[in-house]
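First comes the structure, then the notes that go with it.
Only heavy atoms go into these numbers, but all of them, side chains included; no hydrogens, no water, no symmetry mates. Residue numbers start from 1 in every chain, and the chains themselves are labelled A, B, ... in the order their sequence lines are given, proteins ahead of strands.
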Amino acid sequence: MRIATWNVNSLKARMPRVVDWVTRFNPSVLCIQETKMASDAFPHSDFEELGYESVHNGEGRWNGVAILSKVGLDDVSHGFNDGKPDDPDARIIWATCNGVRIASAYIPNGREVGHDHYHYKLEWLSRLRSHLELNNDPSENLAVLGDFNVAPEDRDVWDIKSFNGATHVSKPERDAFYEILDWGLVDSLRYQCPGEAGVYTFWDYRQGSFYKKMGMRIDFILPTVPMNEAMEIIVVDRNARKGEKPSDHAPVVADFSFS
DNA sequence: ATGGTGGCCTTGCCA
């Protein structure tokens with residue numbers, strides 16, 4: 001079972017790249033973030049032609065998350081089931097594919113430390129942890145995939161000194177990220193590459209960041225401990241950041257073999 | 001060189 005996540009930064013603008021990537025990598029499940037697309041505009045039929053069922057939680061101009069699957073797409077839900085008011089943004093969608101509970105998540109950016117949006121980000125991460133506690137079990141096959149907008153360690157950014165006082169690396173954000181892992185999820189790329197630095201999933205469009213290797217590792221595949229045991233390989237396809245009209249994020253893709 | 005890009009549509013805001 002091949003599972004992937006990709007923040008496409010507008011599915012409308014990225015559709016040719018997404019179709020090309022899906023055709024070549026043939027994932028069983030692809031989690032997409034930042035569709036920036038209204039619900040009625042989602043190209044379900046184009047994905048159906050490629051062999052995928054699809055579900056989308058969209059709002060239009062911003063955010064928007066989707067799951068494509070070749071291996072079933074059941075028990076779909078949007079947002080959090082935690083007894084609190086609905087999240088106003090379309091930032092997470094859940095489905096069960098081949099017996100694996102999957103989430104495609106786009107965590108708020110935060111904008112600036114101390115900004116209202118930063119507090120919303122911390123609250124959002126806390127709600128994700130609560131949702132998992134209330135609705136799931138860490139012994140099941142489950143994976144949260146997506147753009148977390150958090151770099152958990154200093155080596156997950158190109159130069160920590162450039163991030164003094166910045167979002168994505170602040171202690172409250174990192175603590176909130178590790179609170180989610182502490183429920184029973186594994187940073188699977190870090191697990192496979194415990195000694196690596198310079199493995200990134202995002203490079204800003206500005207400043208020629210990609211060519212200068214000024215990246216950040218902020219997109220993750222986070223399986224439960226038992227599911228992580230079934231992982232065979234995980235890679236970042238940084239080739240997807242090259243060429244014509246790339247997203248500013250690269251896909252992360254992992255293979256799992258369930259006995 | 002004190003800005004750089006890209007995407008959306010609210011031609012400013014967001015990342």
Using the [atom1] atom as the point on both nucleotides, what is the distance between [M] and [N], in whole Å?
| N | M | atom1 | value |
| --- | --- | --- | --- |
| B:dG12 | B:dG4 | P | 15 Å |
| B:dG3 | B:dT11 | P | 23 Å |
| B:dT10 | B:dC14 | P | 14 Å |
| B:dC9 | B:dA15 | C1' | 16 Å |

Under the ring pair (Phe, Tyr, Trp, His ring centres under 6.0 Å) test, residues paired with [X] that sit two or more places apart:
| X | value |
| --- | --- |
| A:H131 | A:W94 |
| A:H119 | none |
| A:H115 | none |

Residue pairs involving residues 63-76 of chain A (criterion salt bridge (charged side-chain N to carboxylate O under 4.0 Å, His left out); sequence neighbours excluded): none

Summary of salt bridge (charged side-chain N to carboxylate O under 4.0 Å, His left out) pairs that have at least one residue in residues 46-62 of chain A, sequence neighbours excluded: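 Salt bridge (charged side-chain N to carboxylate O under 4.0 Å, His left out) check on residues 46-62 of chain A returns no pairs.
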
Summary of protein contacts for nucleotides 1-9 of chain B, nucleotide by nucleotide, where a base hit scores B, a sugar-phosphate-only hit scores S (4.0 Å, heavy atoms): ---BBSSB-

Tell me which residues in residues 111-122 of chain A lie within less than 4.0 Å of DNA chain B, going by non-hydrogen atoms. A:R111, A:H117

List the residues meeting salt bridge (charged side-chain N to carboxylate O under 4.0 Å, His left out) with A:K212, not counting sequence neighbours, and say none if there are none.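 Listed in chain order: nothing, the list is empty.
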
Send over the distance from A:N7 CG to B:dA15 P, rounded to a whole Å. 11 Å

Nucleotide B:dA15, atom P - distance to CD1 of A:I107 in whole Å: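 My rounded result for the distance is 13 Å.
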
What contact category does A:F210 fall into here, base, sugar-phosphate, or nothing, at under 4.0 angstrom with non-hydrogen atoms? nothing

Not counting sequence neighbours, which residues clear side-chain contact (heavy atoms from CB on, under 4.5 Å) with A:V236? List them please.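 For A:V236, the residues satisfying side-chain contact (heavy atoms from CB on, under 4.5 Å) (neighbours in sequence not counted) are A:L189, A:V199, A:T201, A:A250, A:V252.
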
May I ask you to check whether A:E179 and A:S126 show a side-chain donor-acceptor distance below 3.5 Å? no

